[in-house]
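Quick notes on the structure that follows.
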Amino acid sequence: MDDKFLKPYDPQATEDKIYQKWEDSGFFNPDKCVEAGICSADAETFSIVLPPPNVTGTLHMGHAAMLAIEDIIVRFNRMRGKKTLWIPGTDSAAIATQSKVESEIYKKEKKTRYDIGREELMKRINVFTEDSKSIILNQLRKMGSSLDWSRYAYTLDEKRYHAVMTAFVRMYEAGLIYRGARIVNWDPALQTTVSDDEMVRKETKDKFYYLKYGPFIIGTARPETKFGDKYVVMHPDDKRYSKYKHGDKIELEWINGPITATIIKDSAVDMEFGTGVMTITPWHDLTDFEIAERHDLDKEQIIDYNGKLLPIAGEFKGMHIKKARDLIVEKLEKKGLVESIDEGYVHSLSINDRGGATIEPQIKEQWFIDVDKEFVLEDSKIEGIRSGSSTTLKKLMKKTVESGQIDILPERFKKTYYHWIDNLRPWCISRQIWFGHRIPVWYKDKKMYVGVKEPEKAGWEQDPDTLDTWFSSGLWTFSTLGWPETTSDLTEYHPTNVLETGYDIIFFWVARMILMSGFHLGDTPFKTVYLHGLVRDEKGQKMSKSIGNIIDPLDMIQKYGGDATRLSLIIGVAPGNDLKLSENKIKGYKHFANKIWNISRFILSNIENSELKERPPLTEKDEGLLRELEETVRSATEDIEKYRLDLAADKIYQYIWHSLADVILEESKEVLNGEDSYEKLSRKWTLYEILTTSLKLLHPFMPYVTEEIWSSLPKKDRELLMVTKWPAHIN
RNA sequence: GGGCGGUUAGCUCAGUUGGUAGAGCGCGUCAUUGACGUUGAUGAGGUCAGAGGUUCGAAUCCUCUACCGCCCACCA
């Protein structure tokens, strides 16, 4: 027996060394496994992409949970003899990264991005992301992740750039990408649009004003937008206003003097709300915009892109809307146009989740993806859509899940997914930030050129906007495998088997990947979507810097080891449920790592190498122990196949601690100290069998300690436990 | 406003096609130089949120109610 077993298990002294050993073996890369004969060249493949962490900072417990789950799945499949590939990568996270760097620069130097210019900003961002990237890659290793580093990808590297440009051009040529003036979510602070999904709503208490608008009373929370209101809208069925006809003109006195208003009848108006009459501001409100579109009404901009009032505001011109509101109300009061004010109006404001500013809807020329436009899918592997038939992105996204070609776990998220698709509007993909993939469109005079490469002749100017970061993320399952080239990786490993990610990004990412893969490959990006929950603190609160309840994965690994950290994030959490984590839980599993260590010590110290050569005749009792073991293998394997890692881990834990240690070993002491040599030999052989099988079972969950013990075993099938065959069982 | 989830031992959660309630942590008692200073044995503790229904039988299926949480939404 190795002397190391005389001391308690020490994760700090072990883990980095073990990781290095794995990495040096090359077996994270399936090609090397084939070369070494660990799996056959035509073995079934198993592939999964790592949801690329943002290069904005460091990994948190949510990442740690994701890594633990994925690594367990990957190690399990690798041990089952599949050609297993897990692709690492990082994401540029355009808006989040740029705004973080910008605010750092502003804090230190009081300069904005316009002061330092596009080129200099890019330089600063690159320095920042490079630093951040190396921290992240180190953290991924610390968790024990068996990622194939030779296939590492970054959303902004050259290959991914090429994929993104190609995707844009092809979708443009199919008519699915178009430029148009629509109402968008404008962030006046970051000076960019953001997508619907990037906004969060925040409940706010405001004043609500009832204003006299000719013969009507209209309500508004935003008097500063009302300068241009010249349409008054009511429901066509509203009897109170049946004397007014659509198109009627009325003269009335308004903020800056007399105006002519036009009556519009539209069923978007809620008769129950307020007086059932409203005026519209199509430039700054989506509902109003859509009403205006339906009736072909004028749209006027009231607020500029910095949040200041335009000349239409008369004397208030140039004033910031925040300052202007009270002054405008004051003027309206003087003119006797204020009917009443409701002080306690609660409504929700849209905030940019990536920067924090209040969103101002604006009409802007932007690039959009049309999710409702018919196109012909030439080569389709999607069930229910024939090759050469016509479809839309929306239909395609729905079909793949409805047909069961993509399975979403847990089941309940399918409904959430359908609901989102049904309400999906055109996806605005252009951003007015500098960090990201620049849109491959060039302008010269009145001409426009769309292409993967810049036009050769001089004088063309590229569109200044960049693409929404989720556009490139949407390509991730296949851009990482070499698309648009037809690489062997792409044919072998796509569609990937599982996409494992948090339920909070089902719309941002999961849906976008299905969209992109459907259009560009006529296929699904993955077969199963496995969604995990959020990691919260022990009271169930979200972990955040301001509350100060963050548990840092690196600290925990330092204190209790990577194995313990992993297990604490798995056991006791059903798929899709949030996890309440406490330091105590992690500590508990450190004890478990030591338990298996000591079990090994006991067994190894009681056997001689010579006794393991071949299977001796076994006692009935020992046959029984092996059947119990086999039942554990069968049942744990089944749980992992169903992605119930929590149940599998718990079962293995129960078996090792409470069957193997508490019962089997206790009882073995008597047998081993006894006189019956037949019984003794049978038991020794059986204990060793149970130990090796237990190590295999536990390996995906606690890879470090199991590998370290494995390295000291006198007899084994393969040098590295990581690539040893998963124990067989009778189904 | 629409939808989803949760409510099971002090705490965190399991409970797989309905068959007399489970685990971990914590707690009580006893043992222990023990392979494990990170151990073992044993015990206490639950009308499975509430009400009604289906059934021979319900934590599990159906209906309603209450509370907690989450997501979506164009009530100005």
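In the text below, chain A, chain B and the rest are named by the order of the sequence lines, each starting its count at 1.
Comparing A:V573 and A:D650 against RNA chain B, the residue whose closest nucleotide sits nearer the 5' end is A:V573. Between A:E666 and A:D639, the residue anchored closer to the 5' end of RNA chain B is A:D639, taking for each the nucleotide with the nearest heavy atom.
The listed nucleotides are B:rC74, B:rC36, B:rU16; the one nearest the side chain of A:T287 is B:rC74. Residue A:M278 has its side chain nearest to B:rA76 when only B:rA76, B:rU38, B:rA35 are considered. With B:rA14, B:rG40, B:rA35 as the candidates, the nucleotide lying closest to the side chain of A:K669 is B:rA35. For A:D270, the listed nucleotide lying nearest its side chain is B:rA76; candidates were B:rU12, B:rC4, B:rA76. Nearest nucleotide to the side chain of A:Q654, out of B:rU16, B:rA23, B:rA76: B:rA23. The A:Y653 side chain lies nearest to B:rG24 when the options are B:rU16, B:rC36, B:rG24. Nearest nucleotide to the A:F208 side chain, out of B:rA76, B:rC36, B:rC72: B:rA76.
Test A:L569, A:D639, A:I570 against A:L645 for side-chain contact (heavy atoms from CB on, under 4.5 Å) and you get one pass: A:I570. Each of A:T281, A:T279, A:I280 was compared with A:T225 under the side-chain contact (heavy atoms from CB on, under 4.5 Å) criterion, and only A:T281 meets it.
As rounded to whole Å, 14 Å separates atom P of B:rG37 from atom CG of A:D10. If you measure from atom NE2 of A:H347 to atom P of B:rC74, you get 15 Å, rounded to the nearest angstrom. Taking atom CD1 of residue A:I280 and atom P of nucleotide B:rC74, one finds them 17 Å apart after rounding to whole Å. Rounded to an integer number of Å, the gap from CD1 of A:I506 to C1' of B:rC70 is 13 Å. In this structure, A:F592 places its CZ atom 17 Å from P of B:rU38, rounding to the nearest Å. Rounded to an integer number of Å, the gap from CD1 of A:I709 to P of B:rA35 is 18 Å. Taking atom CG of A:L579 as the reference point, atom P of B:rG24 lies 19 Å away to the nearest angstrom.
A:Y210 comes within 4.0 angstrom of no nucleic acid atom, judged by non-hydrogen atoms across all strands. Residue contacts shown for A:N577 are limited to sugar-phosphate atoms, with no base heavy atom under 4.0 Å away. Within the nucleic acid shown, A:L665 comes within 4.0 Å of at least one base atom, counting heavy atoms only. Residue contacts for A:N584: at a heavy-atom cut-off of 4.0 Å it reaches no nucleic acid atom on any strand shown. If you check every strand for non-hydrogen atoms under 4.0 Å, A:K585 touches nothing. Within the 4.0 angstrom heavy-atom criterion, only backbone atoms of the sugar-phosphate kind lie near A:D662; the bases stay farther away. A:H658 comes within 4.0 angstrom of sugar-phosphate atoms only, judged by non-hydrogen atoms across all strands, and of no base. Counting any heavy atom pair closer than 4.0 Å across all strands shown, A:V269 reaches a base atom. Heavy atoms of A:G572 sit under 4.0 angstrom from primed sugar atoms or phosphate atoms, though from no base atom.
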Decide yes or no on side chain to side chain contact (heavy atoms under 4.5 Å, CB included) for A:V338 and A:Y210, but give the supporting numbers first. CA-CA 6 Å; A:V338 177; A:Y210 289 96; over 6 Å; no
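Side-chain N/O atoms of A:D266 and A:H235 include no donor and acceptor closer than 3.5 Å. In summary, the side chains of A:Q558 and A:Q12 do not present any donor paired with an acceptor at a separation below 3.5 Å, with no hydrogens or angles considered.
Contact between the side-chain N/O atoms of A:Y345 and the OP1/OP2 oxygens of B:rA76 is found at a separation under 4.0 Å. For A:R644 and B:rU16, the shortest distance from a side-chain N or O to OP1 or OP2 is not below 4.0 Å. Note on A:R425: a side-chain N or O is less than 4.0 Å away from OP1 or OP2 of B:rC74. The shortest distance between the side-chain N/O atoms of A:W657 and the OP1/OP2 oxygens of B:rG40 is below 4.0 Å.
Using a 4.0 Å cut-off between charged side-chain N and carboxylate O, A:K230 and A:D298 make a salt bridge. Remark: A:E679 does not engage A:K621 in a salt bridge, criterion side-chain N to carboxylate O under 4.0 Å.
Remark: A:G219, A:K226 in residues 212-237 of chain A come within less than 4.0 Å of RNA chain B through at least one heavy atom.
Heavy-atom contacts from other residues, nucleotides or ligands closer than 6.0 Å to NZ of A:K322 number 12 or fewer. For A:K331, the NZ atom counts as densely surrounded, since its 6.0 Å shell holds more than 12 non-hydrogen atoms of other residues, nucleotides or ligands.
In plain terms, the two heavy atoms of A:M234 and A:I263 that are nearest each other are CE-CG2, 3.9 Å. Nearest approach of A:S600 to A:L691, heavy atoms of both residues: OG-CD1, 3.6 Å.
Between the side chain of A:K595 and the base of B:rC36 there is at least one donor-acceptor pair of N/O atoms closer than 3.5 Å.
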Per-nucleotide pairing state of RNA chain B [Watson-Crick or G-U, under 3.5 Å; [ ] pseudoknot-crossing; | other strand]: (((((((..((((.....[..)))).(((((.......))))).....(((((..]....))))))))))))....
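Under the 6.0 Å cut-off for aromatic ring centres, A:Y589 and A:Y560 do not qualify, their centroids lying 6.0 Å or more apart.
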